[in-house]
Amino acid sequence: MANFSKTAPAPAAAPVLSVPARSIIERLTDSHGRTIHDLRVSITDRCNYKCVYCRTGEVGPQYPELGIEEYLRLIRLFVDLGITKVRLTGGEPLLRHGLLDLIRELRRLRTLWDEPLDLALTTNGHLLDSLAEPLKAAGLNRVTVSMDAVDAATFERITRVPGSFQTVLHGVRAARAAGLTPLKINCVLLRGFNDNEIEGFARFAREEDVVVRFIEFMPLEEGRLWSPEIVVPLKEIVDRISRADIPPLVEVPLREPSETARRYTFADGVGEIGIIAPVSQAFCGACSRVRLTSDGKIRTCLFSQVEHDLYGRLRAGAPVNELREYIVYTVKGKEARHHIGEPGFLKPSRSMVHIGG
Ligand code: SAM
């Protein structure tokens, strides 16, 4: 655990732009030949839901949060190394005070190619109804909303929050109306738990004009729930939708090699679903991501066993060029792949809610 307080003031030293911003033209690459252009930043590990497959319900936030200005400093370092896409996450990022300020500042940044960042956010949607418009006005491009059921009772059993289904549905509609699109809905499937929602989600995608993405359950929960049998693999999802009373699925070609979802439309062109299969069809070879935790540690893989204390170095007053070098060096060591389901697999040191999904 980092030895700084939750409200640690910004360090006096470490001017952010002491090195001309575009003096480094080296892009972030790892030792496996992958270019890293996608940064996920957790801005809190607090969450207002206790989804049963993610959290035990007994553990609260575990890690400190940085000041908004500090996240900004850290993100700038990555952008100056070629990051083009930033996704804010948590915990629940909409709980975070200062979020709109952060988005406004991120909107002003330019990539190495002098373009605006692709700015996205992942949320449980609980606070989205009132925040959708301000988020869009601040400069956010789009949101992904997590929903694990379209049946209200099942949804509320999962989140453990009464009334949550209607609240999130309003949030989804508000986000779409505000133009936070393409609006994606992420659904984690667990066998015998919510796999009977697959056909309902396919209809939901068509009716609500959203992209529903099914995600295979990974061993990243706080408790000990994961087993290979609980994972609902891609093929089974496709087969089930194909048997439902809905127009047939048509696979869409990949837009870029690092795309994690297999995408499908329906034969009548209405609606889209995606399937993210990190377990049954791992896509590590095309991974373009790196993560920053709420306490400012770099994680080069969801399943990393070690973290790299970037914030500690910033706080200690390291100059910008040294911080950049540290990022370059750390990313070089990115893991080749995860080892889910293999003998000797070790769960990572943090669970999903504390890493930032
Ligand atoms: N609170 C936000 C939300 O609900 O989207 C962001 C954080 S949440 C941890 C990010 C995503 O991780 C959610 O879509 C959640 O369903 C997913 N997730 C959590 N545990 C997971 C697991 N073990 N395997 C796969 N996805 C998981």
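The analysis underlying the following values was restricted to heavy atoms, covering all of them including side chains, and did not include hydrogens, waters or symmetry mates.
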Within a strict 4.5 Å, meaning less than it, do heavy atoms of the [X] and [Y] side chains meet?
X      : Y      : answer
Ile36  : Phe78  : no
Phe201 : Ile273 : no
Asn141 : Leu180 : no
Thr89  : Val41  : no
Trp113 : Thr84  : yes
Arg337 : His32  : no
Glu197 : Cys187 : no
His338 : Phe345 : no

Measure the [atom1]-[atom2] distance between [X] and [Y] for me, rounded to the nearest 0.5 Å.
X      : Y      : atom1 : atom2 : answer
Arg240 : Asp195 : CZ    : CG    : 5.5 Å
Leu140 : Leu117 : CG    : CG    : 11.5 Å
Leu39  : Ile83  : CG    : CD1   : 5.0 Å
Ile75  : Leu109 : CD1   : CG    : 8.0 Å
Leu88  : Thr44  : CG    : OG1   : 12.0 Å
Ile275 : Thr260 : CD1   : OG1   : 12.0 Å

Quick one: do [X] and [Y] end up in the same hydrophobic cluster if we chain Ile, Leu, Val, Met, Phe, Trp and Tyr together by side-chain heavy atoms under 4.5 Å apart?
X      : Y      : answer
Phe193 : Phe217 : yes
Phe204 : Leu249 : yes
Leu131 : Ile68  : yes
Ile241 : Ile276 : no
Phe155 : Leu190 : no

Over 12 foreign heavy atoms within 6.0 Å of [atom1], [X]:
X      : atom1 : value
Glu335 : CD    : yes
Lys332 : NZ    : yes
Lys347 : NZ    : yes

Please report the closest heavy-atom contact between [X] and [Y], naming both atoms and the distance.
X      : Y      : answer
Ser42  : Gly90  : OG-CA, 3.5 Å
Lys136 : Ala178 : CG-O, 3.2 Å
Pro93  : Thr122 : CG-O, 3.0 Å
Arg34  : Cys287 : CD-O, 3.5 Å
Ala205 : Val212 : CB-CG2, 3.6 Å
Leu220 : Pro348 : CD2-CG, 3.4 Å

Stepwise side-chain contact (heavy atoms from CB on, under 4.5 Å) test for Leu119 and Arg107: CA-CA 8 Å; Leu119 270 182; Arg107 177 45 63 225; 3.7 Å; yes
Determine yes or no for a side-chain-to-main-chain donor-acceptor pair under 3.5 angstrom, with [X] supplying the side chain and [Y] the backbone.
X      : Y      : value
Tyr49  : Val161 : no
Tyr63  : Ile355 : no
Arg55  : Val353 : no
Gln281 : Leu234 : no
Arg206 : Val270 : yes
Thr265 : Gly269 : no
Glu216 : Val279 : yes
Asp30  : Gly33  : yes
Lys334 : Ser288 : no

Does this structure show an ion pair linking [X] with [Y], if we count only N-O contacts that are shorter than 4.0 Å?
X      : Y      : value
Arg262 : Glu251 : yes
Glu229 : Arg191 : no
Arg108 : Glu105 : yes
Asp45  : Arg350 : no

Does either side chain, that of [X] or that of [Y], offer a donor lying less than 3.5 Å from an acceptor on the other one?
X      : Y      : value
Glu156 : Ser164 : no
Arg87  : Thr144 : yes
Glu307 : Thr293 : no
Asp148 : Tyr53  : yes

Give the intermediate values and the outcome of side-chain contact (heavy atoms from CB on, under 4.5 Å) for residues Met352 and Leu302. CA-CA 8 Å; Met352 191 68 133; Leu302 267 178; 3.8 Å; yes
Going by the rule side-chain hydrogen bond (donor to acceptor under 3.5 Å, both in side chains), which residues pair with Arg255 if we only count those two or more places apart in sequence or in a different chain?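 So Arg255 forms a side-chain hydrogen bond (donor to acceptor under 3.5 Å, both in side chains) with Glu259.
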Is there a side chain to side chain donor-acceptor pair (under 3.5 Å) between Glu65 and Ser294 once you walk through the steps? CA-CA 5 Å; Glu65 291 170 8; Ser294 62; over 6 Å; no
Does anything in residues 174-190 pair up under salt bridge (Lys or Arg N to Asp or Glu O under 4.0 Å), and if so which pairs, sequence neighbours excluded?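 Applying salt bridge (Lys or Arg N to Asp or Glu O under 4.0 Å) to every pair that reaches into residues 174-190, excluding sequence neighbours, yields Arg176-Glu208.
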Check step by step if side chain to side chain donor-acceptor pair (under 3.5 Å) holds for Glu92 and Thr123. CA-CA 6 Å; Glu92 174 46 45; Thr123 172; 2.7 Å; yes
Pair Asp309, Lys297 - check side-chain contact (heavy atoms from CB on, under 4.5 Å), show working. CA-CA 5 Å; Asp309 191 5; Lys297 308 263 170 65; 3.5 Å; yes
If you apply the rule side-chain contact (heavy atoms from CB on, under 4.5 Å), what do you find for His354 with Glu222, and how did you get there? CA-CA 9 Å; His354 305 296; Glu222 274 178 352; 2.8 Å; yes
Test Arg315 against Glu70 for salt bridge (charged side-chain N to carboxylate O under 4.0 Å, His left out), laying out the working first. CA-CA 9 Å; Arg315 192 170 155 74; Glu70 292 170 321; 5.3 Å; no
